[in-house]
Amino acid sequence: MTRRLLLSIFQTLLDHYGPQHWWPADSAFEVMIGAVLTQNTAWLNVERALTRLRERAVLEPSVLAALPLDILAEAIRPTGYFNVKARRLQALSQWVCAQGGMAALKDWQTADLRHGLLGVHGVGPETADDIVLYAFGRPVFVIDAYTRRLFGRLGLSVDGEPYETLRARYEQALPRDACLYNEYHALIVVHAKTTCRTKPACTCCILRKQCPAAVTTEGMED
DNA sequence: ACCCAGGGTCATA
DNA sequence: TATGACCATGGG
């Protein structure tokens, strides 16, 4: 696993798509809410739900923590899984309040933040890392389905590797830089949304140069 | 009509 | 530990 290769891939994506300035939100707490709402859900629908929450003036830990579940579920209806996510948002909001609010959480160590978030119902590894990186600006490398697919195609991982294995490997290979991880994950997502989903894409996209497998699979694509 | 989207939990073997 | 069912709306 070469740092050079990972940085070269990053540079190619950055040159092509430009800085993404993630996460799109007005506050750290809104990042947390968005992270839960976007679970297996298109971001457009998350924006609709966030707008509805804003209209109802409930985008605050103490308010959300006490909001009746049916009201909350109705507000986030556009994201799908609204009953499930209503409970998750409430659990997360109650946890934030119990820890003394967002300001108190900003003093926590990165590992404690991660561990604490993972203890909240409905917050798994990816959602926790989205929050740690994009709400608190800590250097954790987020692994999502796009990351798995891209790095898999580039020959940097194999199918079925556990989340922690991948995260540890990429964090070890790259400098521990929150700004780098921020842009890298955002660029992977943007790239995935604007490129082919079904083909071994590195043979037909801007990352062709960096893809060792492109040599062996060359000619198989149209 | 189909597939999938910036996942996670829970029950089962 | 490893699958599978389930959650559910909206866009292409």
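Letters go in sequence order (proteins before strands), and every chain restarts at 1. Computed over heavy atoms, backbone and side chain alike; hydrogens, waters and symmetry mates excluded.
- A:Tyr146 places its OH atom 4 Å from the P atom of B:dG6, with the value rounded to the nearest Å.
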remark   = Pairs under 3.5 Å (Watson-Crick or G-U), crossing ones as [ ], inter-strand ones as |: DNA chain B comes out as .||||.|||||||
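- Taking atom CG of residue A:Asp144 and atom C1' of nucleotide B:dA5, one finds them 11 Å apart after rounding to whole Å.
- The residues A:Glu161 and A:Arg169 are annotated as salt-bridged, a charged nitrogen and a carboxylate oxygen being separated by less than 4.0 angstrom.
- The CG atom of A:Leu64 lies 6.0 Å from the CG atom of A:Leu67; values are rounded to the nearest 0.5 Å.
- Under the 4.5 Å side-chain heavy-atom criterion for ILVMFWY residues, a single connected hydrophobic cluster contains both A:Leu59 and A:Ile71.
- Taking only side-chain atoms of A:His121, from C-beta outward, the nucleotide of B:dG7, B:dC10, B:dG6 with the closest atom is B:dC10.
- Using cut-offs of 30° and 60° for the angle between ring planes, the A:His185 and A:Trp22 rings count as perpendicular.
- B:dG6 and C:dA5 have their C1' atoms separated by 23 Å, given to the nearest Å.
- Mapping heavy-atom proximity under 4.0 Å, the span of DNA chain C touched by chain A runs 5' to 3' from C:dC7 to C:dG11.
- Going from the C1' atom of C:dT3 to that of B:dA5 covers 22 Å, rounded to whole Å.
- Heavy atoms of A:Val123 sit under 4.0 angstrom from primed sugar atoms or phosphate atoms, though from no base atom.
- Ion pairing between a basic and an acidic side chain is recognised when a charged N comes within 4.0 Å of a carboxylate O; A:Arg114 and A:Glu164 show such pairing.
- Nucleotides C:dA8 and B:dC10, compared at atom P, are 14 Å apart to the nearest Å.
- In this structure, CZ of A:Phe82 is placed 18 Å from C1' of B:dG7, rounded to the nearest angstrom.
- The NE2 atom of A:His185 sits 8 Å away from the P atom of B:dG7 (whole-angstrom rounding).
- Within the nucleic acid shown, A:Lys85 has no heavy atom closer than 4.0 Å to any nucleic acid atom.
- Within the cation-pi definition used here (under 6.0 Å to the ring centroid, within 45° of the axis), A:Arg167 does not qualify as a partner of A:Phe141.
- Distance, A:Leu92 CG to B:dG8 P: 12 Å, rounded to whole Å.
- Atom P of nucleotide B:dA5 and atom CG of A:Asp130 are separated by 15 Å, given to the nearest angstrom.
- Spacing between atom CG of A:Leu150 and atom P of B:dG6 amounts to 15 Å, rounded to whole angstrom units.
- Taking hydrophobic clusters as Ile, Leu, Val, Met, Phe, Trp and Tyr residues chained together by side-chain heavy-atom distances below 4.5 Å, A:Val120 shares a cluster with A:Val63.
- Atom P of nucleotide B:dG8 and atom CG of A:Leu117 are separated by 12 Å, given to the nearest angstrom.
- In this structure, A:Trp43 forms no aromatic stack with the base of B:dA5, since the conditions of centre separation below 5.5 Å and plane angle below 30° are not both met.
- Here the closest non-hydrogen pair linking A:Leu72 and A:Ala86 is CD2-O, 3.4 Å.
- A perpendicular orientation is assigned to the rings of A:Trp95 and A:Trp108, their planes being inclined by more than 60° (bins at 30° and 60°).
- Toward the 5' end of DNA chain C, the nearer of the two residues A:Thr41 and A:Arg48, judged by each one's closest nucleotide, is A:Thr41.
- In this structure, A:Trp22 counts as stacked on the base of B:dG6 under the 5.5 Å centre distance and 30° plane angle limits.
- Considering every non-hydrogen atom in both A:Arg88 and A:Gln39, the closest pair reads NH1-OE1, 2.7 Å.
- Using a 4.0 Å heavy-atom cutoff across all strands shown, A:Ile188 reaches no nucleic acid atom at all.
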